[in-house]
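Residues: numbered from 1 along the sequence shown.
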Amino acid sequence: MNEDQTRTDTPTCDAMRETGNWNPAWDSLTELDAQWVEKFFGMATHPIRKGVLEPKTFELIAIAVDASCTHMYAPGVRRHIRKALELGVTIEEILAVLQLTSILGIHSMALGAPILIEEAKRLADEGPVQGTF
């Protein structure tokens, strides 16, 4: 293959780098499959690039995603909070998003609390489990 055939254009990734929205952790993945990363970020940024969402709304959603218990990406939370504030989002609005995002963790309680009740009852009814694990 010649250089033109192996080179992948990555305008979305390039724009993210230029605007400071690039996470260096993505460099290795880009090295392995730049085309996939470009498509991924093309999809992820589509609503803001096409004007489907207002910039304030996009930043609030990005805060929620980056602050979620399944992501917890502090540099992104910081970047999106800063941008949201610059766009006129209030501290109270950002705090509300963070509070709503924290609800994602409630599933740990919804899963664990009934099991705790069942096992406590079982221990009271049957005594300790015999044997080793």
Side-chain angles (χ1 to χ4, degrees):
M1 278 187 189
N2 66 37
E3 185 178 326
D4 288 337
Q5 291 172 312
T6 58
R7 190 174 151 264
T8 300
D9 288 329
T10 57
T12 303
C13 293
D14 295 343
M16 290 174 70
R17 284 184 190 93
E18 290 171 16
T19 58
N21 291 315
W22 185 258
N23 178 350
W26 301 326
D27 289 338
S28 297
L29 182 55
T30 303
E31 186 177 324
L32 293 170
D33 195 342
Q35 185 178 20
W36 184 88
V37 174
E38 177 66 19
K39 288 179 182 180
F40 173 83
F41 284 114
M43 177 187 66
T45 61
H46 177 81
I48 193 69
R49 287 183 296 107
K50 298 299 181 184
V52 175
L53 294 175
E54 293 291 325
K56 288 181 181 183
T57 302
F58 182 86
E59 294 304 328
L60 289 170
I61 293 169
I63 291 166
V65 169
D66 282 346
S68 71
C69 61
T70 58
H71 197 60
M72 296 179 63
Y73 179 56
V77 174
R78 181 178 306 282
R79 183 175 65 250
H80 292 295
I81 285 176
R82 184 178 306 121
K83 183 65 176 176
L85 290 169
E86 289 172 3
L87 291 169
V89 177
T90 67
I91 290 172
E92 292 80 10
E93 289 170 318
I94 295 168
L95 181 59
V97 166
L98 293 170
Q99 290 166 338
L100 288 168
T101 302
S102 73
I103 293 171
L104 286 171
I106 196 67
H107 295 296
S108 300
M109 291 299 294
L111 173 72
I115 293 170
L116 173 59
I117 292 168
E118 290 169 9
E119 291 303 318
K121 184 176 182 330
R122 182 174 291 149
L123 178 61
D125 293 345
E126 302 171 11
V129 175
Q130 301 300 315
T132 59
F133 290 91

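- Between Thr101 and Ala67 the shortest heavy-atom distance is CG2-C, 4.0 Å.
- Side chains of Glu118 and Lys121 form no contact here, defined as non-hydrogen atoms less than 4.5 Å apart.
- Residue Leu104 holds its CG atom at 6.0 Å from NE2 of His107, rounded to the nearest 0.5 Å.
- For the residue pair Pro11 and Asp9, the shortest heavy atom distance occurs at CD-C, 3.4 Å.
- When the side chains of ILVMFWY residues are joined at heavy-atom separations under 4.5 Å, either directly or via intervening members, Leu87 and Leu85 end up in two distinct hydrophobic clusters.
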Solution key, residues 27-37 side-chain donor-acceptor pairs under 3.5 Å, sequence neighbours excluded:
residue, atom, partner, partner atom, Å
Asp27, OD1, Trp22, NE1, 2.7
Thr30, OG1, Trp26, O, 2.8
Asp33, OD1, Trp36, N, 3.1

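- Across every non-hydrogen atom of Ser102 and Gln99, the tightest pair is OG-O, 2.6 Å.
- Nearest heavy atom pair, residue Cys69 against residue Gly105, reads SG-N, 4.2 Å.
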Sequence neighbours excluded and cut-off under 3.5 Å, please list the side-chain donor-acceptor pairs for residues 55-66, or say none.
residue, atom, partner, partner atom, Å
Glu59, OE1, His80, ND1, 2.6
Asp66, OD1, His71, NE2, 3.1

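- No more than 12 heavy atoms of other residues, nucleotides or ligands sit less than 6.0 Å from atom CD1 of Ile91.
- From Ile81, atom CD1 reaches atom CZ of Arg79 across 11.5 Å, with rounding to the nearest 0.5 Å.
- The cluster map of Ile, Leu, Val, Met, Phe, Trp and Tyr, joined by side-chain heavy atoms under 4.5 Å apart, puts Ile117 and Leu123 in different clusters.
- There is a path of hydrophobic side-chain contacts, each under 4.5 Å, that joins Phe40 to Met16.
- Note on Asp14 versus Arg17: salt bridge recorded, some NZ/NE/NH1/NH2 to OD/OE distance being below 4.0 Å.
- To the nearest 0.5 Å, atom NE2 of residue His46 and atom CG of residue Leu53 are 9.5 Å apart.
- Within the 3.5 Å criterion, the main-chain N or O of Thr12 finds a donor-acceptor partner in the side chain of Glu38.
- Atoms CE and OG1, on Met72 and Thr70 in that order, are 9.5 Å from each other to the nearest 0.5 Å.
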Working note: Thr90 + Glu93, criterion side chain to side chain donor-acceptor pair (under 3.5 Å); need CA distance, chi angles, decisive distance, verdict. CA-CA 5 Å; Thr90 67; Glu93 289 170 318; 3.2 Å; yes
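- The side-chain hydrogen bond (donor to acceptor under 3.5 Å, both in side chains) test applied to Glu54 returns no partner, not counting sequence neighbours.
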Can you check side-chain contact (heavy atoms from CB on, under 4.5 Å) on Val97 and Leu100, steps first, answer last? CA-CA 5 Å; Val97 166; Leu100 288 168; 5.7 Å; no
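- In the displayed structure, Arg49 atom CZ is contacted under 6.0 Å by more than 12 heavy atoms of other residues, nucleotides or ligands.
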